[in-house]
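Note that ligands are numbered from 1 as they come in the structure, with each ligand's atoms numbered from 1 the same way. Numbering of residues begins at 1 and proceeds along the displayed sequence.
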Amino acid sequence: LAGIKHYVQTGCLGHGTFGIVIKALDLRSDPPTEVAIKLLPRGDFVKNYQLYVRREIQNQSSLRHPLIVSLREVFLTPTHLAIAMEYAQGGDLFNYTLGHRPHGRLAEQQARWIFQQLIIGLDYSHRRGVANRDLKLENLLLDRDGRDGTRPLLKICDFGYSKHEQNSSAKTGVGTPVYMAPEVILGDSKYDAKKADIWSCGVILYAMLYGKYPFDAKEARFAQKIVTADYKLLPDVEVSADCLDILTRVLVASPVERMSMDEIKTHPWFLKGLPPGA
Ligand code: ADP
Ligand code: MG
Ligand code: MG
C-alpha cells in the first residue's frame, strides 16, 4: 500500500483468480477499522479485464445489504487498483467446510442457516438486477467463526463476473466448472444468469451437506454428468426428506424445471426456523 498513509496492512486474506486480498487497518477512524482490500495490478491487467473490473465495482457498490460484502472505497496506488471493503472475520465457507478436515461438512441445521442467508442475499441481488455468476464456497464469507454453535452471518462477495440484466448482450460462460449450470456448460448464449445462480446454490448446499462436490472435475465425463444432472446422494449421511426434496429440485438440469427463487422461498425446509417476514 505504498503511498497510502491511512491504511496499514496487517495480514493476507487470500488470493483468487485475479489478485490478492489483504487485511488492513483504516487509521482514519478511532479506533481504526479493520478492512479487506483487493489489489489488482494496474497497467495491462486492469486494461485487459476492464469490463469485469468495472462490473465488479459498479454492481457490488449498487448493492447495500447485510448479507452482501459492502464496498468502502476504490483507489489507486502507484502499482494497483485497490478495492476496500468490509472485512469478514470468519473467513470463507470453503475453509469452513471442504477445506476443514476431518469434518469437512456441516450439520443439516447449520447448512440450512447458511443456505437461507445465501438465498435471501441472492434474492435481493437478483431483484436489483444483478446476477453473481460466480457463487461458490470461496466467495461466501462469514462475519465470524460459528463453530461454537452460534450463527454466523453470511456475506456474499466477489462480483468479478457479475452482470446486470440491463446489459443484455450475449452471455459468455463464466464461473468455476464445478459450480457451472448445465446451460452454461452447454454454451447457451442466452441463458438466464439468475437461474444459473440458483443451480450454483444447489451445488453449494450439496457440498455443505456431504463435504464433497456433486460433480468431480477429476472424473471421466465430468461435463456430461453436470449436463444430465447425474450426481449421487450419499446414503451414509443423514439428511431429512424435506432437505433432499429442495436439493434435488434445485439440481435439475433444465433451467425451466429447476426451482425458481419464489419456489425456494416458500419451500417448508427453507422456511424452517426463519423469522416471519425475513
Ligand atoms: P477473486 O476474484 O480473486 O476470487 P475474491 O474477492 O473472491 O477474489 O477474494 C479472494 C479470497 O479472499 C476469498 O475467497 C476470501 O477467502 C478472501 N476475502 C475476500 N474478501 C474478503 C473480505 N471482505 N473479508 C475477508 N476475507 C475476504
Ligand atoms: Mg473469488
Ligand atoms: Mg472474482
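- Listed by number with element, the atoms of ligand 1 under 4.0 Å from a non-hydrogen atom of E86 are 22 (C), 23 (N).
- Cation-pi geometry between R221 and F215 is not met: the NZ or CZ atom fails to fall both under 6.0 Å from the ring centre and inside 45° of the normal.
- Residue-to-ligand polar distances keep H15 apart from ligand 1: every N/O pair is separated by 3.5 Å or more.
- Surrounding CZ of F75 are more than 12 heavy atoms belonging to other residues, nucleotides or ligands, all under 6.0 Å away.
- The backbone N or O of T33 lies less than 3.5 Å from no partner atom in the side chain of D26, so there is not a single donor-acceptor pair.
- Ligand 1 has a nitrogen or oxygen under 3.5 angstrom from a nitrogen or oxygen of K38.
- When hydrogens are left out, the protein atom nearest atom 1 (P) of ligand 1 is D158 OD2, 3.4 Å; that is the closest non-hydrogen contact.
- Closest of all the heavy-atom pairs between V130 and S62 is CG2-OG, 4.3 Å.
- Taking atom 21 (C) of ligand 1 as the reference point, the nearest protein heavy-atom neighbour is L141 CD1, 3.3 Å.
- Scanning all protein heavy atoms for the shortest distance to atom 14 (O) of ligand 1 gives E138 O, 2.6 Å.
- Protein heavy atom at the shortest distance from atom 20 (N) of ligand 1 is M85 CE, 3.5 Å.
- Checked by atom type, the side-chain pair R54/Q58 shows no donor-acceptor distance below 3.5 Å.
- With respect to atom 24 (N) of ligand 1, the closest heavy atom belonging to the protein is A88 N, 3.0 Å.
- Contact check on D158 versus K38 returns a salt bridge, with a Lys/Arg side-chain nitrogen under 4.0 Å from an Asp/Glu carboxylate oxygen.
- For the Mg ion (ligand 3), the count of nearby protein N/O/S atoms, taking only those under 2.8 Å, is 2.
- One finds no salt bridge joining E219 and K232 here, because no Lys/Arg side-chain nitrogen approaches an Asp/Glu carboxylate oxygen to under 4.0 Å.
- Atoms of ligand 1 found under 4.0 Å from any heavy atom of N139 (numbered from 1 in listed order, with element): 7 (O).
- Contacts of N95 with ligand 1, taken as heavy-atom pairs under 4.0 Å, are absent altogether.
- Closest to atom 26 (N) of ligand 1 among all protein heavy atoms lies L13 CD1, 3.8 Å.
- Atom SG of C201 is separated from atom CG of L135 by 5.5 Å, given to the nearest 0.5 angstrom.
- Taking CG of N59 as the reference point, atom NE2 of H164 lies at 6.5 Å (rounded to 0.5 Å).
- Dense packing is recorded around NE2 of H6, with more than 12 heavy atoms of other residues, nucleotides or ligands lying under 6.0 Å away.
- A pairwise comparison of heavy atoms in C243 and W269 identifies CB-NE1, 3.4 Å as the closest pair.
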### Task
Any chance you could lay out the ring-ring contact (aromatic ring centres under 6.0 Å, His included) test for Y231 and Y213, step after step, and finish with the verdict?
CA-CA 9 Å; Y231 59 91; Y213 299 118; over 10 Å; no
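- Annotation: D92 places an N or O atom under 3.5 Å from an N or O atom of ligand 1; distance criterion only.
- Among all protein heavy atoms, the one lying closest to atom 19 (C) of ligand 1 is V21 CG1, 3.8 Å.
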